[in-house]
Amino acid sequence: MDFSTLFIIIIGSIFINNFVIARFLGLCPYIGVSKKMDSALGMGMAVIFVMTMASTITWLIYTFFLNKATSIFGIDLTFLRTIAFILSIAVLVQFVEMVIKKAAPELYKALGIYLPLITTNCAVLGVSLLNINENYNFIESIVNGAAAGVGFTLVLVLMAGIRERLEYSKVPNSMKGMPISFIVAGCMALAFLGFSGMKF
Amino acid sequence: MKEFIRPTLVLLIICVIAGAILSLVYKQTAPLIAENKLKTEEAARRLVLPDAQFFKPISDSSTVLFYEGYSTDSTLVGYVFSCVQYGYSNDVKTIVGLTPELMISAITVVSQAETPGLGANSTKPDFTAQFSGKNPDNIYVDKDGGDIQSLTGATITSRAVTNAIRETFQKLRDRL
Amino acid sequence: MKAIQEFTKGIIKENPVFVMALGLCPTLAVSTSIQNAIGMGAAATFVLVCSNIMISLLKNLIPSKVRIPCFILVIASFVTIVDMAMEAYVPPLHKSLGIFIPLIVVNCIILGRAEAFASKNGVFKSMLDGLGMGLGFMLAIMVIATIREILGVGTILDIRILPASYKPMIVAILPPGAFITIGLLMGLLNIIQNKKKSKAN
């Protein structure tokens, strides 16, 4: 097991190429759910779980059904990956929704509409596609999915913390709400730029 | 049970129709895509070795190591090889042309994801032109004591290109 | 609503990016150059119009229980068609846009319009709605891309328009530039909206 590659993937997806701040994936929930720390953390946990499971399932589907070299069909079906991936993600999210509804009803209520919206979170489909593009093997894909989710949660929680403080600041009327959130995100992106160029 | 049949049937029918249409479009476009890929690779080879008319790949079991370039009357006009090294953000891939005397004829950077305005300028002739005529065995960036001028603010990218060329050349030298 | 208004509402009044805050991921990622902006806008508009038309045609056949998976299937099919067509006919644009082409399928604008409009309205109106929203989306990306390209590189569509002595503000084409640009633009729009409101009062 090549732990150094895995370590690089983890640091890469959380800090250097953070999915929200550097790759622009997962912005809608980032702006929508990051108003309070609790819901941010809850959403983050759900996303980590979905992204890890999605990476696993989509890698398996790609390797055994779509990729000509390894599939059981032996023909090139890679053009079906968008459809296959998004459908499996949709099914996965439905399943997670049912589980959360039964196991943690307060969390279910707190997340509200944002839970089914994880299906359309570009980060979930994005990480599945990126795993394929980078030719990661099974373990690397799962680790990348989890790390990407952690990166998303990190930035989400940071944003929620800042926004809670912003409630008490003097923000000009026209900048209240989304405009100032984007500016804050820009400052965070500037800070995270410092991570790029990290070499091991 | 009945309430599940109709939705499932509708989903299945849409799946099948979608699959059929996509397969048709795929049949149309797949050959074009493969052709485009070959064309760009060929174009890059021509760019670094303009006198060559056709290229002969020299492989080793499954991978192509380099190409020999021949003119119309089958004289050897040079070699072409590709090299890649991780720069600042991602891999930087370069195609290098060599004269029969194993000096660099020209290079072209075909793929990079470096910082726009800094490392991304590695594709520009201002940077790549200086490699022509140099000995690939002995190229280093100025910061490492050589005579390759690095890009402003992009030493790592410049070093990636230079070192990739030198190291790959040294690996292939015996086969050329 | 009169038919023509279905088309124009998407451009300014209900602009998907600036007013409804949908489709933010591709907007910020692709706005590094005006060429990418136009390419993405065109691709997304094509998918939006086709899927709106198709869903409007099928709206009475799709059972409500499975409508979201059906919408996703239809949208994903058109996205795959666009993906393959772009790779075959415009490979450089396909390479620049990268994974954001398949990501059109999770562009909230397309699923949003399918759910909110196409599944409840006729084919012609759905087509107009799709065209308007798509155009609004493309215009939004183009505005941001123009600012970022001029400040960050000094060119418009690769034609240099600022003097060579201008040292480009590289941060504009990096991620922070995207966030700050859209934040300032939204703030500007709010100022304009508030002025209009106070005039009306």
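Naming: A, B, ... by sequence-line order, numbering from 1 per chain.
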Which one, Ala88(C), Pro69(C), Ser64(C), Pro168(C), leads in non-hydrogen pairs under 4.5 Å with chain B?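 Most heavy-atom pairs under 4.5 Å with chain B: Ala88(C).
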Measuring heavy-atom distances to chain C, does Ile21(B) have an atom under 4.5 Å in its side chain, in its backbone, in both, or in neither?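 The side chain, not the backbone.
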Which region of Val10(B), side chain (C-beta onward) or backbone (N, CA, C, O), has a non-hydrogen atom less than 4.5 Å from a non-hydrogen atom of chain C, or is it both or neither?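 The side chain, not the backbone.
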Answer yes or no: are there more than 12 heavy-atom neighbours, outside [X] itself, under 6.0 Å from its atom [atom1]?
X: Leu57(C); atom1: CG; result: yes
X: Gln130(B); atom1: CD; result: yes
X: Phe124(C); atom1: CZ; result: no
X: Glu42(B); atom1: CD; result: yes
X: Glu115(C); atom1: CD; result: yes

Write down the atom of [X], the atom of [Y], and the distance for their closest heavy-atom approach.
X: Cys70(C); Y: Ile14(B); answer: SG-CD1, 3.8 Å
X: Pro63(C); Y: Pro7(B); answer: CG-CA, 3.7 Å
X: Leu73(C); Y: Cys15(B); answer: CD1-SG, 3.6 Å
X: Arg6(B); Y: Leu61(C); answer: NH2-O, 3.4 Å
X: Thr29(B); Y: Met84(C); answer: OG1-CB, 3.6 Å

Which bit of Ile170(C) is near chain B, if near means a heavy-atom gap under 4.5 Å: side chain, backbone, both or neither?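 The answer is the side chain of Ile170(C).
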Contact part of Pro91(C) toward chain B, heavy-atom cut-off under 4.5 Å: side chain, backbone, both or neither?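 Contact with chain B is through the side chain of Pro91(C) alone.
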What's the spacing between Met54(C) CE and Ile17(B) CD1 if we round to 0.5 Å?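 One gets 8.5 Å once the value is rounded to the nearest 0.5 Å.
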